[in-house]
Amino acid sequence: MSELSVPLESIKPCLQGVIPSWVTTCSADGVPNASIVSIVHFVDSERVALTRQFMNKTRMNLDENPQAQVVVVNPSNGDQFVLDLHYLRTESDGPIFDAVEANLDAIASMTGMTGVFRLRGVDIHGVLACEHFGGGTSEVRDRPAERDMLPLLDEFIRRLSVCTEYDDAIRVGLEALDDLFGFGYSVLLNADERGDRLFAVASNGYASSGVGAEVEIGYGPIGIAAQRQRVVCISSVRRSRSMNAAIQDSIRRSGGEPSAVEIELPGLEGADSVAAVPLLAHAELTGVLYLESERAADFGPGNERLLRILGGHLAGTLAVLQADRRESAPPAPAPATTAGGEPLTVTYYQADDSVFVDGVYVVKGVPGRILWKLLREHDADGRVSFTNRELRLDERLGLPPGNDNLEARLLVLRKRLALLECGIGLERVGRGLLELQLGVPCILNEVQTEGLMRAAHAPSDAE
Amino acid sequence: MRANLEGNGAVALGFCPPTIAKAVQLKGIAVVLGEPGPDAVEWVEQHVSAFRAECGRIGVPPDVADRMSENSTWVRISVAIDEGFDQTPGPTAGRRL
């Protein structure tokens, strides 16, 4: 147990990187050096880690004299604490390095600075003393202790446990994050079968849903969380962007070309802290839960463990429901009807499986193939009722065996159609049962490709 | 800190505005060490006021900005500057000014 007069656990808000910290070292012959670091990372009750990025003089001093001092600031109230440090070692791999690197890479990617932030290592320091700086009384106001979260977690799990449908579980889960934990802006993304991207399945709190939006794995907080399978928290997006501007200027002054591409952060304009939580089930990445807040420091080391637990339960629940292949008894076939009115022109492009209705983009990829199949079958015989099972068995849809993501794909398709109000709807009418709803007749137009995707559209042997 | 200054007088001063990530470091020797006079106290008050305004530009409430200097004990130090360094993160970090 730590014997520090101010326990490190009590100043976690200071250790989220919202306000940079000055670290002071001293050479063997007594010359001090002050350097600024972006993050003082909490390791345990007796140790912290400092990023080793640009600080050559700091490194040289620590080699000569392992004593250091760092001042950290609580962003919520301005309280400052001075930590006397003793340098122990530098780690360039392992869990502490990986956690710090994932966060720095996410910031770099989000601000178009990939390759500029090069984390050479993390310096592990023992904390010899931790004192409130500047006199007066410390007013550390941390989040509720983790034990206070137990009733909320209990309720979160209870709400998920009564969900029997995949769609409901997502809606209930995202709403519960808001109701119970105050995470008012959230996006749930599923991992694509190809393993190189994620697609948004649902969101909560935003003006536009963003359903169907894609994020490349390895880029931005969401992509880095997926790639490293680690929770990524950025406590101050605003400061990260100012850091980006300063570094870009530094690159210009050194004669280099600044990065031209800035990857847009999806979602809330003015978000100041974000978290990306990998969803893991059966030891595989199934998606990412992305959270945003307009306040700095809402996400950080103080609630990373909570986020992992929430993500774990959400992932487990969704995996069970996704794997549930039971179907309701099929309804009596609906009589074929002919919708009246001005026909819609539905165009399907083989090149990327995209579907447009009267020139308006609807969806692409697997949901695009599914929609095209349903419309063609309806066009052939007026059929409107379909089952998940027949979609899974249709090899032309290219669903992988096992975890085929079909429920997530159908959810994206149904939400996109509902959002566009384009005259075509798709409703769940029972477990594993779908009904195509057409308000007007459709004219189907397929644009074939001569490109690389041609092989994927060759007629199957069964035809 | 005061004991160190009275020891060898070596000083490293870091400056970083709250609104941007640029930073500089000045190094030198403390040549005068003592209590601040009325002029110095006025400088401090002006600086705290300017710092509060700068913090406000990035959404930091005035009471939070003020707390960073509350209850501080002020010491007047005159420093003979020997060298300055760019401390802005990036490829120019450590470059002599």
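Computed from a predicted structure; not experimentally measured. The chains referred to below are lettered A, B, ... by the order of the sequence lines, with proteins before strands, and numbering in each begins at 1. These values consider heavy atoms only, across backbone and side chains, with no hydrogens, waters or symmetry-generated copies.
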Closest approach of A10(B) to G30(A) (non-hydrogen atoms, all atoms of both residues)
CB-O, 3.6 Å

Give a yes or no on whether R295(A) atom CZ has more than 12 heavy-atom contacts from other residues, nucleotides or ligands under 6.0 Å away.
no

Measure across W22(A) and G14(B) and return the closest heavy-atom pair with its distance rounded to 0.1 Å.
CH2-CA, 3.4 Å

Any residue meeting side-chain contact (heavy atoms from CB on, under 4.5 Å) with P62(B), in chain and number order, not counting sequence neighbours:
R52(B)

Let me know which of V71(A), D79(A), N74(A), V73(A) forms a side chain to side chain contact (heavy atoms under 4.5 Å, CB included) with M68(B).
V73(A)

Sequence neighbours excluded, the answer for ring pair (Phe, Tyr, Trp, His ring centres under 6.0 Å) partners of F85(B) is none

Student check: side-chain heavy atoms of Q25(B) and I36(A) closer than 4.5 Å
no

How many angstroms lie between CZ in R67(B) and CG in N77(A), if you round to the nearest 0.5 Å?
6.0 Å

Side-chain donor or acceptor of N56(A) paired with backbone N/O of G94(B) under 3.5 Å
no

